[in-house]
Amino acid sequence: MPSRILLISTNKCDFPYPVFPIGLAMVEEAVRRAGHTTRWLDLQVDETSIKDVIQEFRPDVVGMSLRNIDDVVFRRRETYFGALVDVCREIRQHSTCPVILGGSGFSIFPNQLMELSGADYGIQGEGEATLTRLLVALENGNDPRDLPGLCYRHDGRVRSNPCTAPPLKLDASPSPRPRAEYYLRESSMLNIQTQRGCSFECCYCTYPLLEGRGHRRRPPELIAEEMLLLQQQGARYGFIVDSVFNSSPTHVIETCEALIRRGVKMQWCCFLRPQGLTREQMQIMSRAGLTHIEFGSDSFDDSVLQAYGKHFRFEDVLRSSELAYEAKVDYCHFLICGGPGETRETLRHTFENSLKLPNAVILALPGMRVYPGTPLFRHARKIGKCPGEMDLLEPHFFFSPHLDPDAVAAELKAFSTASPNWIVNEPQPEYYALTRRLRQRGVVGPLWSYLSLMQRVLPRPT
């Protein structure tokens with residue numbers, strides 16, 4: 001017998017703009033295809049109370065998604081998992097139905113979040129297949145505790161099964177996005193996923209833990225179909241959320257050819273790895289609608305890049321930047337400053353090299369967030385920078401033994417003073433007023449290039 005499933009997105013973060021909960025949307029589509037009735041509650045958008053939704057919808061099961069644990073900003077360290085605990089508590093006041101947790105944030109810290117929230121079950125990793133199997137087990141009164149990736153309670157303790165299920169085949173047809181009008185109004189864009197998995201070895205990254213190391217690519221025609229569907233919902237801009245879009249030249253070329261062939265008119269942005277790009281790839285991405293690139297470069301010093309596990313060199317970064325500039329595509333580089341192998345000398349080398357990048361915007365953060373299961377976690381434990389008893393659910397940042405946080409912050413402040421292309425601090429209040437005006441005038445896409453421009457003309461805070 002089909003169940004009534006209430007699905008809740010708990011994310012309320014709207015900086016630098018609200019992001020549509022694409023993972024929960026994919027789970028909802030899988031649940032609906034399995035014959036269940038769903039109700040969508042987005043706490044970023046919906047004003048209806050949880051109590052009223054439960055009383056009206058009368059769910060048999062409530063599923064909740066946690067997208068992010070924290071803001072990954074050393075100075076601020078804002079966390080988001082408290083909302084999960086609060087929502088679970090409120091659900092318990094109005095319903096006795098099972099509560100199931102999921103999402104990328106949950107999957108990094110499943111046991112801790114199960115304990116804190118008091119939820120009945122949790123699903124690590126991809127939720128589409130496991131959730132539908134869990135719902136069948138609950139409907140039939142069967143024991144679900146052998147499901148891959150399932151978290152559950154047994155003898156008063158939280159247990160977690162390894163994620164041994166076969167990787168999901170990404171061949172589902174796209175569906176319209178709920179509450180799309182809100183995200184288009186507030187951020188100008190909707191997000192798209194063209195593949196899952198990451199085979200790269202960045203020392204801090206959780207993508208391989210969450211999605212696996214093999215790249216699983218959606219058929220290009222389905223990607224184009226989804227972007228056309230988003231256009232019909234009013235989207236003029238899309239953000240490709242893959243860990244890196246250019247996981248292979250074939251994926252780049254075939255996807256872009258499909259977008260051009262189907263007549264997709266949407267502009268878009270993506271994360272790119274600054275290695276192996278060619279003029280042919282850059283040109284076809286530009287023809288297919290690419291207008292902004294966010295490079296995950298992390299450093300412009302070769303020794304630091306090696307310590308970070310990046311497996312490319314600054315000459316690759318420079319070449320990729322020149323190709324973007326030549327194609328008239330706006331681009332920025334994300335840097336993580338102060339991680340393994342960093343020194344004052346390497347920081348200054350990074351700054352000197354940044355001046356060689358034509359019209360680049362540099363988004364630099366001090367400190368490297370430590371997550372369990374990553375190479376950085378193992379390294380930090382080995383050198384005594386991350387004690388074993390430390391609960392990493394509360395943000396913990398790694399800094400090179402050669403530097404301390406104040407030293408890194410001082411260097412970055414000096415760099416941003418010397419070059420307005422470096423963005424290292426919280427934007428000034430004038431920036432938020434500008435972004436509202438730009439959105440009202442129909443400007444779409446990321447606005448970091450405008451922030452860089454503002455730093456040229458506004459006096460810097462002392």
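Keep in mind the model is a prediction, meaning the values are calculated, not measured.
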Original post:
Is it true that a side-chain atom of Thr417 and a backbone atom of Lys413 form a donor plus acceptor pair closer than 3.5 Å?
Top reply: yes
Original post:
Any chance the side chains of Ser452 and Asn421 put a donor and an acceptor closer than 3.5 Å?
Top reply: yes
**OP:** Report the C-alpha separation of Leu318 and Asn353 in whole Å, then their side-chain angles, then the decisive distance to 0.1 Å, and conclude whether the side-chain contact (heavy atoms from CB on, under 4.5 Å) test is met.
**Re:** CA-CA 9 Å; Leu318 178 59; Asn353 276 337; over 6 Å; no
Original post:
Should we say atom OH of Tyr325 is surrounded by more than 12 heavy atoms from elsewhere, each under 6.0 Å from it?
Top reply: no
Subject >> Qualifying residues under side-chain hydrogen bond (donor to acceptor under 3.5 Å, both in side chains), relative to Asp70, sequence neighbours excluded >> reply: Arg369
**OP:** Could you check if a side-chain atom of Leu24 sits within less than 4.5 angstrom of a side-chain atom of Trp40, using non-hydrogen atoms only?
**Re:** yes
Subject >> Test: Glu225 and Arg262 ion pair at under 4.0 Å >> reply: no
Original post:
Which pair of heavy atoms, one from Thr255 and one from His251, lies closest together, and at what distance?
Top reply: OG1-O, 2.8 Å
**OP:** Compute the centroid of each ring, for His333 and then for Phe300, and state whether the two points are separated by less than 6.0 Å.
**Re:** yes
**OP:** Would you check if the side chain of Gln231 reaches a backbone N or O of Met266 as a donor-acceptor pair within less than 3.5 Å?
**Re:** yes
**OP:** State whether the number of non-hydrogen atoms from other residues, nucleotides or ligands found under 6.0 Å of Gln233 atom CD is greater than 12.
**Re:** yes
**OP:** Please name all residues satisfying ring-ring contact (aromatic ring centres under 6.0 Å, His included) with Tyr308, sequence neighbours left out, ordered by chain then number.
**Re:** none
**OP:** Kindly determine whether Arg33 and Glu29 satisfy salt bridge (Lys or Arg N to Asp or Glu O under 4.0 Å), including the steps that lead there.
**Re:** CA-CA 6 Å; Arg33 284 200 308 270; Glu29 176 63 23; 3.7 Å; yes
Subject >> Test item: Asn11 and Pro21 side chains (from C-beta on) under 4.5 Å apart, heavy atoms >> reply: no
Original post:
Can you name the nearest heavy-atom pair linking Met285 to Trp268, along with the distance?
Top reply: O-CZ2, 3.7 Å
Original post:
When Arg196 is tested against each of Glu126, His215, Glu211 for side chain to side chain donor-acceptor pair (under 3.5 Å), which residue passes?
Top reply: Glu126
Subject >> Taking every non-hydrogen atom, the tightest pair across Leu6 and Pro59 >> reply: CB-CB, 3.8 Å
Subject >> Closest approach of Arg378 to Gly373 (non-hydrogen atoms, all atoms of both residues) >> reply: NH1-O, 3.3 Å
Original post:
In terms of heavy-atom contacts, does CD of Glu326 have more than 12 from other residues, nucleotides or ligands at under 6.0 Å?
Top reply: yes
Original post:
How about Leu363 and Ile423: do any of their side-chain heavy atoms sit closer than 4.5 Å?
Top reply: yes
Original post:
Does the Asp242 side chain pair with the main chain of Thr194, one donor and one acceptor, at a distance under 3.5 Å?
Top reply: yes
**OP:** Establish, from distance only, whether the side-chain atoms of Thr250 and Glu254 form a donor-acceptor pair under 3.5 Å.
**Re:** no
Subject >> Modelled atom types, side-chain donor and acceptor of Asp298 and Tyr204, under 3.5 Å >> reply: yes
Original post:
Going through the checks in order, is the salt bridge (Lys or Arg N to Asp or Glu O under 4.0 Å) test met by Arg77 and Glu394?
Top reply: CA-CA 8 Å; Arg77 304 195 196 200; Glu394 291 291 340; over 6 Å; no
Original post:
Quick one: does NZ or CZ of Arg177 land under 6.0 Å from the six-membered ring centre of Tyr183, within 45 degrees of the ring axis?
Top reply: no
Original post:
Mind checking whether Phe398 and Phe74 have ring centres under 6.0 Å apart?
Top reply: no
Subject >> Phe377 backbone acceptor or donor facing Thr374 side chain under 3.5 Å >> reply: yes
Original post:
Can you name the closest pair of heavy atoms from Val317 and Phe312 and give their distance?
Top reply: CG2-CE1, 3.8 Å
**OP:** Answer yes or no: is there a donor N or O on one side and an acceptor on the other, between the side chain of Arg216 and the main chain of Leu170, under 3.5 Å?
**Re:** no
Subject >> Ile22 and its side chain to side chain contact (heavy atoms under 4.5 Å, CB included) partner, picked from Val27, Leu190, Asn191, Ile192 >> reply: Asn191
Original post:
Phe295 vs Tyr331 aromatic rings, parallel, tilted or perpendicular, using cut-offs 30° and 60°?
Top reply: perpendicular
**OP:** Would you confirm whether Lys310, through its side chain, and Gly296, through its main-chain N or O, come within 3.5 Å as a donor-acceptor pair?
**Re:** yes
Subject >> Test applied, side chain to side chain donor-acceptor pair (under 3.5 Å); reference residue, Arg218; option that passes from Gln193, Glu226, Gln195 >> reply: Glu226
Original post:
Per the side chain to side chain donor-acceptor pair (under 3.5 Å) rule, which among Arg439, Arg236, Gln267 passes with Ser188?
Top reply: Arg439
**OP:** Looking only at non-hydrogen atoms, find the nearest pair between Ser175 and Leu229 and report the distance.
**Re:** C-CD2, 3.3 Å
Subject >> Exam field: side chain Ser400 to backbone Pro340, donor-acceptor pair closer than 3.5 Å >> reply: no
Subject >> Side-chain donor-acceptor pair present, Thr48, Asp46, cut-off under 3.5 Å >> reply: no
Original post:
With Glu201, which residues qualify under side-chain hydrogen bond (donor to acceptor under 3.5 Å, both in side chains), at least two apart?
Top reply: His311
Subject >> Electrostatic pair Asp42:Arg179 at N-O distance under 4.0 angstrom >> reply: no
